[in-house]
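Below: the structure, in structure tokens.
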Amino acid sequence: MSMTPSAHQTMLDQARWRWSESLFWLLSLAVLFVFPSKALLFSQIAIMGLFALSLDLILGYGGIVSLGHAAFFGLGAYAAGLMAKHGLGDPLLGLAVAACVAAIIGWLTSFLLLRGSDLTRLMVTLGIALMLFELANRMASITGGADGLQGMMVGPVLGLFSFDLFGKTAYLYALSVLFVLFLLARKIVHSTFGLSLRAVKGNALRAGAIGISASSRLVAIYTLSAAFAGIAGALSAQTTQLVSLDVLDFHRSADVMLVLVIGGVGWLYGGIIGAIMFTLMQDWLAGITPQYWEFWIGLVLVCLVLVGHDRIKIAIQSIGTRLSGKGGAA
Amino acid sequence: MLTILFDGIAYGMLLFVLACGLSVTMGLMNFINLSHGVFSMAGGYITAFLINRWGVPFLLCLPLAFLFSAALGMLLERTLYRRLYARSHLDQVLFTIGIVFMSVAAVDYVIGSQQQTVKLPDMLKGRIDILGGSIGLYRVFIIALCGCLAVTIQTLLVKTRFGSQLRAAVDDPRVARGMGINVNTVFAITFAVGSGLAGLGGALGTDILGMDPTFPIKFMIYFLIVVTVGGTSGIMGAFFASLILGIADVGGKYYVPQIGAFIIYALMVVVLIIRPQGLFTRSRGK
Amino acid sequence: MSIALATHDLVKNFGGLRATDHVSLTVHTGARHALIGPNGAGKTTLINLLTGVLTPSQGSITLEGETITRLSQHARVRRGLVRTFQINQLFADMSPLQSLCLAVSERHQQGRDWWRVAGADKEHVDEAADILARFGLRDVMTQQTRFLPYGKQRLLEIALAIACKPRVLLLDEPAAGVPEEERHEIIDILADLPKDVTVVLIEHDMDLVFSFADRISVLVNGALLTEGGVDEIARDPQVRAVYLGESGHD
């Protein structure tokens, strides 16, 4: 039995925090002081990163292809926006309510995704997002319809830090929320529950045959993912003081999928790195051809699929590994 | 009342022609294709171009739209889509969304974002009274034409040698190859015909549905509903699904305009919850 | 002798096809019970019915006296009814160690633990490592399963089932596709299974069946043709006609 501790150690090592990860987060904080004028762009990246991270929980870890993830982003954005409009402007309270609203709808709709093929799931997620879009569109008296929600008043974070014009508070706020939720997600994907999700995704037939009830795991991760997406939406509403129908648009569901795929599916840093690349690309292209930006998104998607979208992930992971000296990446 | 029913049927028939190609490639070949509307758009635009620039008669434009979209479909299938048949559903979704975004932006850039219009021939204008309801002649024309097409397609699929080759190729490509069926060609032809029909539907629908660069996105959900609700039983499922969808959509927008498109999305989700494989499924044995 | 697993008048129809035809099967505790039959006899359907992948059109199934006909797949596993697959069903991008740890944790109802890192329970990891050692998979336990040689994968297929601590183990052609020179590894493993574990073996290889089983049921066209001891079945002219005569062809 002299070998046994190493088996135990091997299991524990897989979740070890690498110092390339510390470097990543320190850098993401440092950029604010190097490029203070870009703070608004950075907070946009952090929010997009969180949204993509939430999609990764269901797509990369749960294996559910969703074409309607904007539903939860939009729910969170409207929840936080409406609260801020009606005098409940505390940001953290807004996040909490947004997370709850999105989680409840996520939990309710998750049961619709348990049966059926990829195509059925695709349609159900898309259908739910479209229904919410229609609903928000028709209830213009509450949501402001196509004009957007007017008159949001967002209070200072923790009662101390007010949002400034340059987006410095916005970025620090968004980055902190992203970091905390990232740690939570990291904890979860490295747990036994996370391992069981990988098993369900990898081979649902066998997962059932070793006693895993796939349904309950998928319901749990879908609900969590919805809550994360709701928080991302709330962050977006609070930092931009703007909520319009755009938050529920099909485009947003497609964009977040692209973001995740650029950075790498099934890898927690994938969503964040994808968000960095996507937003910088968008910022750069918007300077050249603002109107036809869509074309370039499409081209990137097509090329990524033809080339194989795992390549970027493998390249970045190998850099991370080299920096850390040994072992795989998180 | 009757007018609405009739409009709904015409709309449904149109949806059928637009989507039936997809119900074969997606429903039977299990290839998730969100870019089907691109071929309809191609058909609609080529028709508008031919009529408005060169004064080609409308009725002649219809077969031309079919051929144009079919050629485009064949070209893209040979060069791009065929690589994706064996890939994951996620890859198929990403790739075809990419195609949609590119074509939407490209058409916007080259032609502009305005609505395209086609001038219908005089003999298709006007209305006739049937059973106390007043019905547009053009809708009668659509119902007749699309009805004939539905019968033709069904006959082709069920009765001809090509139809049985297609079914064999879909059921098990390896076995089909072993039986000497050229699976690649069968798929390419199927894809081309499906795209052609989408183009024909686009040409017919320009006047009713409207035609602008966002067409592939706007109607994507309708096509997907037809396919998923129709199920995998072949095109008859898609036919009934189209009719139901057409009537529900037209009726819903007329009687309860305040909830708009909500009704069809809800209908779809409910159907998929009750019958995840669609309304009309052929029961697969083991 | 007590009864471990039994079916009563089990029927499964697919459309017009009857894949399982009034099967009443009794497996005694601790038995080495082989289920044989020509291709298309309905062996796979029967195993899917037993494990809950399919629900029967008619009839019932009992596990140690408890009716399990309507229970889900995972609920049956928790009651000790575990299977292996004819075609490897493994977690391709996990390591054997991870796969086994997961199976062990699931058995201890720790599968929903979302806070502690996987493998935090040392006893569970040790148990997984022990099983891996027994199956000769110790050296490859950290490799990705997809890169393991086929013979090792086949062993892992059985190891995963053992990690669920079966009381009744259904082995679906455990030696399928394993080359002759590696077969003994599988046979040794099967011979070493604890005597109190009931084993139902579905197998094509008659040598394996006759050396391993103490009782044989023959399935033809979805129905039970006959059942008996090894010698009895080997001599049965009916069995020779429908099965042994045909086995030369596939």
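Model, not experiment: these values are computed from the prediction. Reminder, nothing fancy here: chain letters follow the sequence lines and each chain counts from 1.
With a 4.5 Å cut-off on side-chain heavy atoms, C/Trp115 and A/Lys187 count as touching. Between C/Leu97 and A/Met11 the shortest side-chain heavy-atom distance falls below 4.5 Å. Side-chain contact between C/Leu102 and A/Ser196 is present, with heavy atoms from C-beta onward closer than 4.5 Å.
The contact list for residues 205-217 of chain A toward chain C, using heavy atoms and a distance under 4.5 Å, reads A/Leu205, A/Arg206, A/Ala207, A/Gly208, A/Ala209, A/Ile210, A/Gly211, A/Ile212, A/Ser213, A/Ser216, A/Arg217 by residue number.
Interface residue A/Leu184: only side-chain heavy atoms are found under 4.5 Å from chain C. In this structure, the portion of C/Val82 lying under 4.5 Å from any heavy atom of chain A is its side chain and not its backbone. Heavy-atom distances place the backbone of C/Arg116, and not its side chain, under 4.5 Å from chain A. In this structure, the portion of C/Thr142 lying under 4.5 Å from any heavy atom of chain A is its side chain and not its backbone. With a 4.5 Å cut-off on non-hydrogen atoms, C/Glu106 touches chain A through its side chain but not through its backbone. For C/Ala163, no part sits under 4.5 Å from any heavy atom of chain A, backbone or side chain.
Distance alone, capped at 3.5 Å, places no donor-acceptor pair between the A/Arg198 side chain and the C/Phe91 backbone. With hydrogens and angles disregarded, a donor-acceptor distance shorter than 3.5 Å links the side chain of A/His8 to the backbone of C/Gly119.
Among C/Arg83, C/Met94, C/Arg107, C/Gln110, the residue making the largest number of heavy-atom pairs under 4.5 Å with chain A is C/Met94. Among C/Ala92, C/Ala120, C/Ser105, C/Ser95, the residue making the largest number of heavy-atom pairs under 4.5 Å with chain A is C/Ala120. Heavy-atom pairs under 4.5 Å with chain A were tallied for C/Gly111, C/Ser99, C/Ala103; the largest tally goes to C/Gly111. Chain A forms more heavy-atom pairs under 4.5 Å with one residue of C/Leu90, C/Leu81, C/Asp121, C/Thr84 than with any other, namely C/Leu90.
Sorted by first and then second residue, the ring pair (Phe, Tyr, Trp, His ring centres under 6.0 Å) pairs involving residues 126-179 of chain C (not counting sequence neighbours) form an empty list.
The CG atom of A/Leu197 lies 13.5 Å from the CH2 atom of C/Trp114; values are rounded to the nearest 0.5 Å.
Under a cut-off of 6.0 angstrom, the local environment of CH2 in A/Trp25 is crowded, with over 12 non-hydrogen atoms contributed by other residues, nucleotides or ligands.
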